Structure formats: C-alpha cells, structure tokens
Visitor: 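Take a look at this one; I'll ask things after.
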Amino acid sequence: MNTSKDIGAAIAAATAAKRPAIVAFMTAGFPKRADFIATLNRIGSAADVIEIGVPFTDPMADGMTIQRASEAALHEGVTLTWILSELTAAPVKPAAPLLLMSYLNPLLRFGFERLPAAARAAGVSGFIVPDLPREEAAEFDAALKAEGLALVQMVTPVTPRDRLEALCRPAGGFVYAVTMTGTTGKVVDVPDEVLTYLDAVRAASGAPVCAGFGIRNRAQVERLAPHVDGVIVGSALVEVLERGEDPAAFLRGLHL
Amino acid sequence: MNTSKDIGAAIAAATAAKRPAIVAFMTAGFPKRADFIATLNRIGSAADVIEIGVPFTDPMADGMTIQRASEAALHEGVTLTWILSELTAAPVKPAAPLLLMSYLNPLLRFGFERLPAAARAAGVSGFIVPDLPREEAAEFDAALKAEGLALVQMVTPVTPRDRLEALCRPAGGFVYAVTMTGTTGKVVDVPDEVLTYLDAVRAASGAPVCAGFGIRNRAQVERLAPHVDGVIVGSALVEVLERGEDPAAFLRGLHL
Amino acid sequence: MSLTIDAASAADLLAREIRGEFPDERGRFGPFGGRYVPETLIPALDRLEQGIHRWLKDPEYQADLARELNTWVGRPTPLSYAPTLSARWGAEIWMKREDLAHTGAHKINSAIGQALLAKRLGAKRVVAETGAGQHGVASAAACARLGLPVTVYMGAVDIERQAPNVGRMKLMGATVKPVTSGDQTLRAAVDEALRDWVSDPSGTYYLLGSAIGPHPYPYLVRELQAIIGRESRVQMMAQAGGLPHAVFACVGGGSNAIGLFHPFIGDRDVAIRGVEAGGRGPGLGDNSATLVSGTPGVLQGAYSLLLQDAHGQIQETHSVSAGLDYPGVGPEHAFLKTVGRVDYESIGDDEALAALEELACAEGILSAIETAHAFAAAKSYAKAHPRSRILIGLSGRGDKDMPTLARTLLKGKL
Amino acid sequence: MSLTIDAASAADLLAREIRGEFPDERGRFGPFGGRYVPETLIPALDRLEQGIHRWLKDPEYQADLARELNTWVGRPTPLSYAPTLSARWGAEIWMKREDLAHTGAHKINSAIGQALLAKRLGAKRVVAETGAGQHGVASAAACARLGLPVTVYMGAVDIERQAPNVGRMKLMGATVKPVTSGDQTLRAAVDEALRDWVSDPSGTYYLLGSAIGPHPYPYLVRELQAIIGRESRVQMMAQAGGLPHAVFACVGGGSNAIGLFHPFIGDRDVAIRGVEAGGRGPGLGDNSATLVSGTPGVLQGAYSLLLQDAHGQIQETHSVSAGLDYPGVGPEHAFLKTVGRVDYESIGDDEALAALEELACAEGILSAIETAHAFAAAKSYAKAHPRSRILIGLSGRGDKDMPTLARTLLKGKL
Ligand SMILES: Cc1ncc(COP(=O)(O)O)c(C=O)c1O
Ligand SMILES: Cc1ncc(COP(=O)(O)O)c(C=O)c1O
C-alpha cells in the first residue's frame with residue numbers, strides 16, 4: 001500500500017546501504033507515450049524514488065530540457081487523467097515509491113476532491129508542486145493527508161532561516177532542497193555555501209533531505225553525499241532518455 | 001537693335017496678317033546642347049516671338065514636360081552664362097525677337113547689374129520670370145528698362161479685376177495671359193469663361209495680349225484667335241523636340 | 001476556492017472592494033489572486049511587499065514619482081472630446097489620452113513607478129516581459145532614465161509583429177531576448193522572465209507589465225495605473241460637467257483597464273465595461289477573451305480566470321493585437337466580473353481594425369490595435385444608449401502596429 | 001537686397017525685430033522674406049494674409065486653438081530635466097518635450113492652427129508637403145480632426161527612409177503622393193505641393209510645414225510655433241529658477257527653432273544656437289547646412305539663404321535626417337544670422353546619431369534624428385561652459401526613424 005511513509009522507507013533503505021537515495025525524474029510519456037510504463041519500470045530498477053512529471057504548457061520553474069520533454073509529452077497527448085489510468089492499469093510497477101511532480105493548474109482542474117484517491121489508486125505516494133508555496137497549500141495538503149499521501153516541500157538557498165524552519169517542520173515524504181537559484185537543468189559544481197545550506201536544511205528537518213536541480217554526475221553525488229539523504233536527478237536523466245540511452249545504466253552510475 | 005519694342009512690332013506684324021502671333025517656347029540646349037542655335041533658328045523660321053527657357057532645378061510653375069526638359073538641359077550643362085554667350089556668338093539668329101524665360105534665382109545669381117546689358121548684347125529683347133510678381137519686380141524692371149528690355153507680366157484667370165488692371169497698365173512687350181490655374185503642359189479645351197477673361201485682359205491692357213499654358217493644336221488657336229493677339233506654345237513644342245520631329249512644321253500648322 | 005457566489009456575498013465583497021480592503025492580507029481579491037510561485041521567489045515577493053509598504057506612500061517616493069510623471073512622462077494626459085465620433089454615434093465620446101504619455105502607452109506609468117521602487121530595493125538589474133513591446137519600451141525607457149540595466153523577454157511572434165518596438169528598446173540600451181518556447185507570445189515571455197528572475201531573485205527586480213502575476217504585483221500595478229482613472233474623474237467633472245455614464249477600456253492582462261476603472265468602482269451609476277480580444281471567433285484558440293469565456297485556475301502566479309482545456313493546459317490564444325493576446329487576466333478583473341461590478345465583452349479582430357480606422361479618420365488619432373477594441377465596443381453601446389456620456393481609455397498609440405496594419409488595413413495601399 | 005549690414009544697422013534691425021516689427025508690410029525680415037510666387041498664387045496669399053489678420057488674434061479662433069492644443073495635442077508639453085546628461089556634461093540640461101505632442105513632433109502646433117484657419121477660409125481641401133513625414137502626419141491628423149481632405153506630397157527617397165509615417169498618414173485618410181521629380185526629398189515635395197496649389201488656389205489651402213515659403217507663411221508658422229518658446233520660458237523660470245544661458249534647436253526649414261527662439265530673442269543674455277545638418281562633411285552636396293554655408297537667393301517663394309551653385313541652381317543636399325535635408329531655410333533665420341542675434345552651426349550625421357544614442361541610453365528618450373543634432377551641439381557647448389543652464393528643443397520622437405536607425409546604429413543588432 002503506497003503512502004507518504006513509503007517514501008521515507010525507500011530513502012531509509014538507501015541510507016542503510018550507506019549511499020544517498022536516488023530520486024529519478026521522468027516526464028510521463030516521454031519520449032513516447034507507448035513506452036511510459038516500460039520506461040518507468042526500467043528507471044525503477046535503479047532508482048529509490050521516482051518523480052513522474054505531469055507535462056504542463058507553462059513549466060516556469062524548468063529549464064530547456066524539461067520544457068522540451070513537457071512539450072513533447074503534451075504533443076503525445078499525455079494528460080494527468082491518462083497518467084493515472086496508465087498507472088492504475090499497469091500490470092507491473094516499480095517497487096520504488098512514485099511521486100507526481102506537477103504544476104498546480106492541471107491538479108486544480110482535475111479537482112482536489114477526486115485527485116488524492118485517484119492518485120492513491122494509481123499507486124502514487126505523493127506530490128511535488130513547484131508553484132504551490134506553503135501559504136497556498138493548506139487545502140491540497142489536507143486533501144492529500146486524508147489519503148495518507150505526501151506533499152513534498154521545496155526549500156531553496158535563498159529561503160530565510162526562520163522560513164526554512166517553518167517549511168521543514170511539517171514536511172511530508174522528504175524535503176526537496178533546491179541546490180541553487182534558477183531553473184532545472186543547469187550544471188552546477190556545488191560550492192561550499194551550498195553544503196552549509198544543506199546542513200542547515202537537514203538540521204531543521206525531521207524528514208529526510210534530498211538535493212535537486214543540476215545534478216548530473218557521480219562527482220556531484222559524492223560531494224553531496226555527506227550532507228543529504230538523497231539526490232534528485234532530473235534533466236540529466238531526461239537527456240539520457242532523449243538520446244535513447246539506458247536510464248537504468250545511467251542511474252546505476254550514480255549509486256555510490 | 002533688339003528692345004522691348006521689337007516684341008510689339010513682331011506681334012503687330014502677325015496681327016496685320018490677320019492671324020494670332022505664335023510665341024514659341026523652347027528650353028535652351030534641349031534636347032542637345034550642341035543643337036541650341038540650330039533649333040533656335042529652325043523655330044525662328046515659323047515663330048513670331050521666341051521664349052528661350054533657362055533651365056532651373058525647381059521649376060515650380062511647370063508641368064512634367066518642361067520639368068523634364070529643364071532637367072535634361074541642366075544635365076547637358078546649360079547655364080544662363082552659356083546661353084548668353086552662345087546667343088552672342090551665334091553667326092545666324094532668328095528675326096523673331098527673343099525672350100528669356102527664367103525663374104528668378106539664376107537671374108539673381110548672375111546679377112541684376114550685369115544681366116540687362118549682357119542680355120541685350122546677346123540679342124535678347126526681354127524676360128519672363130514666373131516667380132517674380134509685380135510687388136517684387138521693381139528693381140529688376142528698372143534695370144531692364146534702362147536697357148530698353150521688356151519684363152513680360154503674367155496675369156491669370158484668378159487675378160482679381162483691380163489687380164488685373166494694375167498689372168496690365170505698365171506691361172512690357174506683351175501681357176502673358178495664363179489660360180488656366182495650374183502648371184504648364186495640361187491639355188485644356190478653352191471654356192467660354194476663359195474667353196471672357198481674355199477679353200477683359202485685352203480691355204485692360206495697352207500692350208498686346210498673348211494666351212499661354214495648355215495650347216497644343218490648331219483648333220485651340222482658332223477658338224482663341226478673336227480674343228488675343230498671340231498664343232504661346234510651350235510644352236507641346238518641347239514634346240515635338242523630344243520626339244525629334246520638326247518644330248517649324250509643327251508651328252506652321254498653328255498659323256491660321 | 002468556490003466561485004459560486006450568491007448575490008448577498010457578491011454585494012458584501014463589492015462593498016469591501018470599495019472600502020479598499022482588497023487585496024487582503026493573503027493577496028486576494030475575494031477568491032482571486034494569491035501567490036503561486038516557486039519557493040525561490042517567495043523571499044523576493046516578500047521583500048517587494050515590504051518595499052511597497054515602506055515606499056509607495058512615502059512622501060519622498062511620491063515626490064520622485066510625481067516629478068517623473070509630470071515632467072518626463074507628460075502627465076496629466078489630456079482628456080479629449082471626440083466631436084466627429086460623438087456626432088456619428090449619437091453620444092458624447094471622451095477619450096483619455098494615454099497615447100500621449102511618453103513611449104506611447106499607459107505602460108510607462110507602472111514602469112517608472114516600479115523602476116523607482118527597484119532602485120530603492122537595491123536591485124542591480126531589471127527583467128521585464130513584453131507582448132506588444134510597449135511595456136518593454138516603457139521599461140527600457142524607465143530603466144535608462146534611472147540607470148538600471150534591463151533585459152526584456154519578448155516572444156518571437158511578437159518580435160515579428162511589433163518590430164519597431166524592438167529597435168526602440170535596443171536603442172535605449174535594453175537587452176531584448178527572443179523567446180522561442182511555448183506560444184512565442186506574451187505568455188511565453190512571462191514564463192521566461194520568471195525563469196530569469198528565479199535565477200537571481202535578490203539582485204534582480206522583475207518589472208511586471210500588467211496587473212497580473214503573484215501578489216503584490218496586481219496591487220502594485222493597479223496603484224501605479226490608477227492615476228489614469230483619478231485624472232479622468234477630475235477631467236470629466238471639469239470638461240464634461242459630470243461623471244461618465246459608461247467607461248470602456250481594453251483588457252489584456254488588465255492594467256490600463258484596472259487603472260481607469262478603479263477610481264470609478266464606487267460610483268455605482270457609472271457602468272464599467274472591459275473589452276477583450278474576440279480574435280477570429282468564439283472557438284477555443286481563436287481569441288483571448290479570458291473573462292468572457294475562461295474558467296478559474298492558476299497561471300503565472302495567480303488564481304484567476306484563464307483559457308484552458310479540460311486538463312488544465314493553457315490554451316493557445318489568438319488576437320491581431322499582441323498586447324491582448326494572453327490567456328490569463330489580472331485577478332481583480334476576475335473578481336469584478338464575479339461580483340458583477342464590471343461587464344466584460346469581446347470584440348473581434350476585424351471589428352477592432354475597423355474601429356481603429358474610424359477613429360483615425362474621424363479624430364486624427366492613430367490608436368494601438370489593443371485600444372481599438374474598446375472603441376468598437378463603445379460604439380455599440382453609444383448606439384444603444386443615445387446621448388449617453390462615454391469615457392474611453394485610449395491606452396496607447398498605433399505606431400508600433402504599423403507592420404500589422406500594413407498587412408491588414410493598408411494591404412495593397414502602401 | 002544688399003547683405004552687407006554694418007553693426008549700427010544690424011543693431012537697429014534687431015531692435016525692430018524685438019519690437020515685433022518683422023515681417024514688415026512687404027513680408028520681410030530686414031532684407032529677407034517676400035513673396036516670390038507665380039501670379040496665380042498671389043490672390044491666395046492675399047486671402048491668407050487677410051485671414052491671418054482677421055482670425056489669428058480673434059478670441060474665438062484663439063479659444064478653438066487653445067482647446068485643440070490643450071485637450072487634443074497635449075499642451076503644454078513638459079520641460080524635463082536631464083539628470084544623467086547634466087552630470088555627464090557638467091551643465092544643467094533641460095529639454096522641451098515636443099516629442100510628447102500628439103503625432104510626435106512640434107509640427108502639430110502649426111498643422112492644427114493652420115487647419116483651423118483653412119476651415120475659416122472656406123477651403124475645400126488641403127495640400128501639404130512633408131520631408132520626415134512628421135508634418136505630413138500632423139497635417140493628416142489635423143485635417144482628419146477637422147474633416148478636411150488632405151493630399152500630402154512626399155519625396156520618393158523620404159517615403160523610403162520614413163516609411164512608418166506613410167502608413168500613418170494613409171490610416172488617417174490622407175492621400176500620399178510620391179514625388180519622383182527633382183531630388184525626391186523635401187525640396188521636390190514643396191515644388192509639387194506648390195504645383196498642386198497653383199491648380200486650385202481658391203479651393204485649396206496649402207498647409208506649409210516649416211517657417212519657409214512666401215509671406216505670410218514664415219510669419220504664420222512662427223506665430224503658431226512660438227508657443228514652444230513661450231511655454232519654455234515660463235517653465236524654465238518655474239522649474240530651473242531662471243532663464244537658460246543658452247538655447248539650442250535643430251534647423252531644417254526652421255520652424256521648431258523659430259518657435260523656441262522667438263520668445264527669447266529679446267533676452268540678450270540668452271545665447272541662441274541653431275543647429276543644421278552637417279551631413280557627410282563640408283563639401284557642397286554633402287550637407288544641408290544652409291545658414292552655415294549658404295548664399296542669398298530665392299527659393300520656393302522667399303528671399304533667404306540657400307545652398308546653390310555659381311549659376312543659381314539649387315544644390316542637392318545630404319543629411320541622414322529627412323527633416324533637415326533641405327537646401328533652403330526660413331527667412332527669419334537668415335535675418336537672425338545676419339544681424340548676429342543667433343549663431344548657427346552644423347553637426348554631422350555620425351555625431352548626430354551618437355547623440356541620439358547617448359540621449360536614449362541616458363534619459364530613456366528616443367528622439368528624432370533631426371533633434372539629435374541639437375543635442376550634439378549642446379554637448380560641446382556644455383563642455384565649454386561648465387555649470388551653464390542649457391535648454392534644448394526636443395523637437396520630436398524617433399519612432400519614424402526606425403528604418404534609418406536599423407541601417408545605422410542598430411546595424412547587425414536587430
Ligand atoms: C496600448 C496598449 N493597450 C493595452 C494593452 C493591454 O495591456 P493591459 O491590459 O495590461 O492594459 C497593451 C499591452 O501591451 C498596450 O500596449
Ligand atoms: C522632429 C523634427 N524636428 C525638426 C524638423 C525640422 O523642421 P523645422 O526646422 O521646420 O523644425 C523636423 C522636420 O520634419 C522634424 O520632424
């Protein structure tokens with residue numbers, strides 16, 4: 001039974017194996033709609049948690065790569081309804097817990113009343129909503145909680161200390177620590193301040209902390225490992241899929 | 001000896017022959033500079049008075065034909081100085097009196113002090129200056145009079161009665177009655193009002209009256225004949241020269 | 001977020017609006033508004049909110065703003081009577097002349113106000129989005145005036161149809177970045193500007209061009225544009241001898257409209273009409289009449305009405321006018337529609353172009369195509385309300401539209 | 001027509017100018033001016049002169065004019081302080097903002113004034129010439145506003161380099177006739193307009209665009225443009241606390257310059273500088289610096305200074321700015337130069353373009369290329385006169401110049 005607790009458990013399992021958990025992001029139905037479940041399972045074979053991106057016309061927090069994938073998926077006719085029904089119907093699904101990463105509007109349109117139950121039925125453990133800050137999240141959070149699902153909170157290097165503490169306190173699943181200001185997909189080489197910031201996030205957070213945005217290679221993972229419980233790999237993985245390479249092989253390369 | 005009186009005499013001679021005098025306009029040095037004197041003589045063989053156009057860059061009272069001729073002549077390097085020296089040097093010259101038709105600025109630039117004597121030496125009997133109204137003409141008129149040369153006055157169908165009388169009183173050579181409002185070169189079919197207007201000009205004028213602007217064919221000359229002492233043929237003659245036809249033949253066709 | 005509002009609550013909400021209680025402390029106009037942005041931007045929006053609180057009513061800021069508005073922008077803009085249109089339409093037509101404001105549209109009111117704020121907030125650089133290019137030009141001008149570097153995002157489609165404005169921005173030293181993602185118009189430009197801002201939320205000031213976006217932008221832009229309506233009120237009393245019976249403005253994001261409307265909201269006898277782009281027709285994707293046919297949702301930071309499909313994907317829009325070609329709208333307009341204070345209608349491309357030509361030939365004023373939508377709607381109203389007194393917001397001039405007008409009204413005539 | 005004027009007669013002539021005695025009853029400013037036109041136009045000019053006499057000071061005409069200027073044109077235009085240029089050039093720089101007048105330049109002041117006169121004179125139609133297109137647009141707007149049909153003559157070269165203005169005129173219902181004769185610029189357009197006028201001198205009103213042409217045009221245009229200087233004087237006193245030490249304006253035909261200068265002529269402590277187009281250089285044909293290097297003569301109706309060759313043929317001119325590209329100049333400027341009251345200088349194409357860019361980036365104002373000549377000259381003056389107070393006539397905006405700027409300043413940047 002999938003719930004927000006699964007996420008914690010999956011990360012804890014990686015921690016027990018003395019390596020940061022790998023949270024892998026894929027855009028649903030990208031590159032091809034027909035391969036959605038197959039790609040999901042392939043990624044699932046090498047990831048601890050999977051973020052499934054719901055495509056949106058206006059992905060304002062995303063860089064070029066994920067914008068491109070989102071656009072392609074929309075072109076393939078991918079919708080939230082379709083994603084949920086594919087997941088519900090899938091004969092085989094990854095053991096790794098699934099998160100839906102979506103901008104708010106497709107969720108609103110689906111309806112907060114119906115969405116948590118439908119998501120749970122599809123085997124989804126929680127949500128990441130980049131344009132839903134804590135102040136606006138109460139209604140959705142409550143609806144998710146009612147079904148035991150997580151709303152993953154993001155924090156950033158520019159989040160002030162007091163706010164950071166407030167955000168980390170009720171965190172569901174894990175705290176998504178954005179490593180930099182900017183959109184997804186840039187290459188960053190993790191300066192020392194970021195490590196300090198991650199330490200602060202971890203200190204403030206009861207839940208595990210995963211770092212995301214700009215993580216592309218093993219060296220970065222190694223540098224981050226002592227400071228986080230997991231890393232989130234997005235654009236780099238989407239580019240692997242774009243090039244038609246094996247996502248599992250790529251992800252396994254990031255296992256320490 | 002050429003003076004303003006010659007003009008009156010030339011027109012009187014035509015009147016005596018019971019036909020309107022033909023005042024023929026040509027642009028100096030058009031179409032070819034080298035043919036200036038030859039063209040002048042050819043025209044002189046069939047005209048009673050000759051108007052020699054001094055080309056100017058801004059012939060604001062002229063229509064397309066004379067603009068074109070003026071531009072071509074400028075292109076050939078024709079200047080007032082050159083015209084006067086060609087006329088002075090010409091071995092043979094027409095019997096018909098010569099008038100220079102020029103906008104004011106080339107005359108100003110040549111100098112009012114020098115111009116009348118030089119013009120007289122070149123065999124010129126007078127001037128027509130379309131942009132020199134009576135109010136501004138005193139200085140030039142006096143300079144011309146000193147050499148016995150005429151300043152031909154223009155009157156138009158829109159000239160008010162009292163002004164018409166004032167303009168016609170001191171007229172030199174002949175009164176140039178413009179047949180219409182507008183620039184040179186248009187075809188007009190001489191409506192009745194124009195005939196009435198010409199009668200009024202004649203009544204006001206001591207000097208002979210010649211009608212000009214838009215005169216192109218024998219029918220017009222016939223219609224005008226009872227009301228004027230002469231007709232001025234400009235654009236139509238320039239077009240004949242442009243087409244390389246014989247100007248004398250064309251002009252003879254207008255002799256009644 | 002329920003939108004079924006009964007008459008009693010509508011009246012109550014409107015009364016609160018008139019008392020100046022919106023946006024409330026959550027940045028909302030009734031149900032609309034709010035702040036739906038990535039967490040990275042929250043501190044920047046907080047700082048902006050504090051800055052507004054600190055500066056907007058500050059006498060020194062107000063004096064600086066008034067000086068720039070009066071001596072650089074050219075305020076007050078005139079109120080012109082339209083004798084020919086009045087005679088032809090059978091009503092009294094008055095035009096508020098934002099086309100005479102520096103850079104050619106109302107956009108400068110907000111741009112200079114925000115640029116003065118950005119300076120006080122210590123911004124090192126400014127980003128802005130633009131559709132018709134008017135806000136880009138206004139931002140370029142205001143930032144040049146105050147010595148702030150500015151980057152303007154503009155959709156590739158708009159760069160094409162509003163070409164003259166691209167050159168104007170560059171001459172004033174702005175960096176213009178073409179946006180080739182998304183619909184390549186205003187919406188995509190806002191997305192890109194937000195992405196830029198997310199990359200440097202502390203050093204960068206986002207100079208938003210309409211009454212849209214996350215709180216406090218809809219509030220800030222309204223406050224800076226309300227000078228249009230305040231001046232109009234005084235001028236109508238002085239020149240027309242009374243308030244208008246009806247007020248018209250075109251609505252893209254809604255900044256010129258809210259600026260004109262807001263000071264009249266409490267005048268219950270004044271009918272207020274917002275005019276959207278009806279484009280090619282009523283079909284989804286053929287227009288950008290958000291208030292007329294949109295549904296509630298969240299786009300670019302605010303909960304408002306939008307043009308979206310059944311899955312919450314934002315609809316492509318169409319309008320001959322780049323400045324109205326936007327699938328969202330400022331939350332205060334969604335509110336004013338919902339409480340029934342303002343009526344919104346739409347005018348199609350062809351009708352707008354015809355109105356532009358009629359205004360040009362009748363009064364010698366070449367308006368922006370955006371603006372012409374308001375004139376077309378006012379014309380119908382005038383015919384239905386003989387002898388009424390009508391105020392139209394003439395939001396901008398049409399120079400920027402020459403490439404589009406050359407392809408439409410002037411086709412075969414140039 | 002002697003031009004060698006000794007100091008005593010110069011002083012006397014200037015005193016008469018200051019007493020308002022010019023133009024005299026013969027339409028002259030000292031030796032300059034007059035009326036050199038075909039006889040057909042004399043009655044029309046007489047009627048115009050009588051009309052001016054009858055109407056120009058008439059309270060009802062004045063009220064109509066004031067109403068159009070205040071509520072339609074947007075007068076008074078602001079006086080802007082230029083903080084960045086002032087700091088950079090080491091002087092106090094003030095700008096009189098004719099760019100904010102309706103249609104974008106000072107030309108509208110004269111166009112609406114003349115159109116109101118044309119109505120009273122019973123004109124059935126209007127003709128106008130245009131160089132930069134600004135006077136054509138102003139005439140189109142004024143005539144649309146008053147319901148007069150208008151035909152605008154524009155040189156083919158200018159149609160090309162000021163393309164946006166052609167569309168603007170057409171949209172306001174004007175007929176634009178390309179002139180392919182002569183130099184295909186402003187001079188040829190004046191010739192064609194005169195030819196048109198000669199064809200119907202009673203029914204047609206010739207709406208001349210600069211302080212040139214036969215009497216009474218230089219007088220009429222000056223009177224209608226002098227509002228620029230009158231407003232500036234009052235605004236300088238109020239905003240700058242005193243009169244300027246120096247006043248600058250660009251000079252094409254000379255209308256914005258005479259309008260700005262005239263109210264300061266009697267202020268002997270105020271230095272006055274007219275700035276012509278230095279084009280590519282000092283060679284004949286490479287510039288249009290008539291006052292700087294012209295000689296006396298008659299062109300298009302007036303005795304003034306002109307650019308001509310030894311035979312009295314008018315010189316082809318060059319300037320990057322269509323509005324200054326003219327071989328003649330208003331007779332009052334020739335007079336003011338001759339009596340030594342105003343100094344005239346020239347600024348080349350490149351320097352003018354650089355000044356345009358400097359102004360745009362420093363103050364967020366995109367001026368016309370014509371105007372930029374005045375800024376370039378003021379800059380040198382400022383450097384030579386530290387801490388002086390300088391007033392510059394910002395005669396128009398640069399939107400119309402985008403095609404030219406795209407080929408020059410923006411080359412490779414669009
Ligand atoms: C002249 C003009 N009017 C109206 C608009 C629409 O914007 P808003 O609805 O914010 O006033 C624009 C946008 O660019 C514009 O340029
Ligand atoms: C903006 C501007 N300034 C100056 C001029 C020059 O004309 P004038 O010398 O008559 O002011 C023009 C002419 O078109 C113009 O458009």
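By convention in this document, chain letters (A, B, ...) are assigned in the order of the sequence lines, proteins followed by strands, and residues within each chain are numbered from 1. Just so you know, these numbers use all the heavy atoms, side chains as well, and skip hydrogens, waters and symmetry mates. Everything numeric here is computed off the predicted structure, so don't read it as measured data.
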Visitor: Under a 4.5 Å heavy-atom cut-off, does chain B meet the side chain of I42(D), its backbone, both or neither?
Guide: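 Side chain of I42(D) only, per the 4.5 Å heavy-atom cut-off to chain B.
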Visitor: Are D58(B) and I314(D) side-chain neighbours, meaning at least one heavy-atom pair lies under 4.5 Å?
Guide: yes
Visitor: Is P59(B) in contact with chain D via its backbone, its side chain, both, or neither, using a 4.5 Å heavy-atom distance?
Guide: both
Visitor: Which heavy atom in L306(D) sits nearest to a heavy atom in N105(B), and how many Å separate them?
Guide: CD1-ND2, 3.5 Å
Visitor: First locate atom CZ of R68(B), then atom OG of S181(D), and finally report the distance between them rounded to the nearest 0.5 Å.
Guide: 11.5 Å
Visitor: Could you report the tightest heavy-atom contact between L108(B) and G297(D), atom names first, then the distance?
Guide: CD1-CA, 4.0 Å
Visitor: Supply the atom-to-atom distance M64(B) CE to T180(D) OG1, rounded to the nearest 0.5 angstrom.
Guide: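 One finds 6.0 Å between CE of M64(B) and OG1 of T180(D).
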Visitor: Looking at R134(B) and E39(D), is any side-chain nitrogen of the basic one under 4.0 Å from a carboxylate oxygen of the acidic one?
Guide: no
Visitor: Name the member of S202(D), P38(D), P214(D) that forms the most heavy-atom pairs with chain B at distances under 4.5 Å.
Guide: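 It is P38(D).
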Visitor: Quick one: pull up NE2 in H311(D) and CH2 in W82(B) and give me the separation to the nearest 0.5 Å.
Guide: 12.5 Å
Visitor: Take a 6.0 Å sphere around CZ of R161(B) and say whether it holds more than 12 heavy atoms from other residues, nucleotides or ligands.
Guide: no
Visitor: Can you tell which part of Q300(D) gets under 4.5 Å to a heavy atom of chain B, answering side chain, backbone, both or neither?
Guide: both
Visitor: Which of the residues A44(D), G182(D), P201(D), A188(D) is involved in the greatest number of heavy-atom pairs with chain B at under 4.5 angstrom?
Guide: P201(D)
Visitor: Sub-3.5 Å donor-acceptor pair from the side chain of R195(D) to the main-chain atoms of D62(B), do we have one?
Guide: yes
Visitor: Please classify the contact of P133(B) with chain D as side chain, backbone, both or neither, using a heavy-atom distance under 4.5 Å.
Guide: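 Contact with chain D involves both backbone and side-chain atoms of P133(B).
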Visitor: To check you understand the geometry: which heavy-atom pair defines the closest contact between V198(D) and T181(B), and what is its length?
Guide: O-CB, 3.2 Å
Visitor: Other residues, nucleotides and ligands only: do more than 12 of their heavy atoms fall within 6.0 Å of CD on E160(D)?
Guide: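 Not buried by this count: 12 neighbours or fewer within 6.0 Å.
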Visitor: Minimum heavy-atom separation for E136(B) and G34(D), please, with both atom names.
Guide: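 Taking every non-hydrogen atom into account, OE2-CA, 3.3 Å.
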Visitor: Compare every heavy atom of M60(B) with every heavy atom of L194(D), then report the nearest pair and how far apart it is.
Guide: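 Heavy atoms of L194(D) and M60(B) come nearest at CD1-SD, 3.4 Å.
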Visitor: Chain B heavy atoms under 4.5 Å from D196(D): which part of the residue, side chain, backbone, both or neither?
Guide: neither
Visitor: Given heavy-atom pairs under 4.5 angstrom as the criterion, report whether the side chain, backbone, both or neither of V54(B) touches chain D.
Guide: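 Neither part.
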Visitor: Let me know if R163(B) has heavy atoms under 4.5 Å from chain D in its side chain, its backbone, both or neither.
Guide: side chain
Visitor: Closest heavy-atom contact between A310(D) and R109(B)?
Guide: O-CG, 3.2 Å
Visitor: What part of L74(B) lies closer than 4.5 angstrom to a heavy atom of chain D: side chain, backbone, both or neither?
Guide: side chain
Visitor: CZ/F213(B) to OG1/T40(D) distance, rounded to the nearest 0.5 angstrom?
Guide: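 Here the interatomic distance stands at 6.5 Å.
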Visitor: Kindly compute the distance separating OH (Y36(D)) from CG (L104(B)), expressed to the nearest 0.5 Å.
Guide: 6.5 Å
Visitor: Atom CZ in F56(B), atom CG in D191(D): separation rounded to 0.5 Å?
Guide: 8.0 Å
Visitor: May I ask you to test the R187(D)-T57(B) pair for a side-chain heavy-atom distance under 4.5 Å?
Guide: yes
Visitor: Would you indicate whether the side-chain heavy atoms of M180(B) and S199(D) approach each other to under 4.5 Å?
Guide: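 No; the side chains remain at least 4.5 Å from each other.
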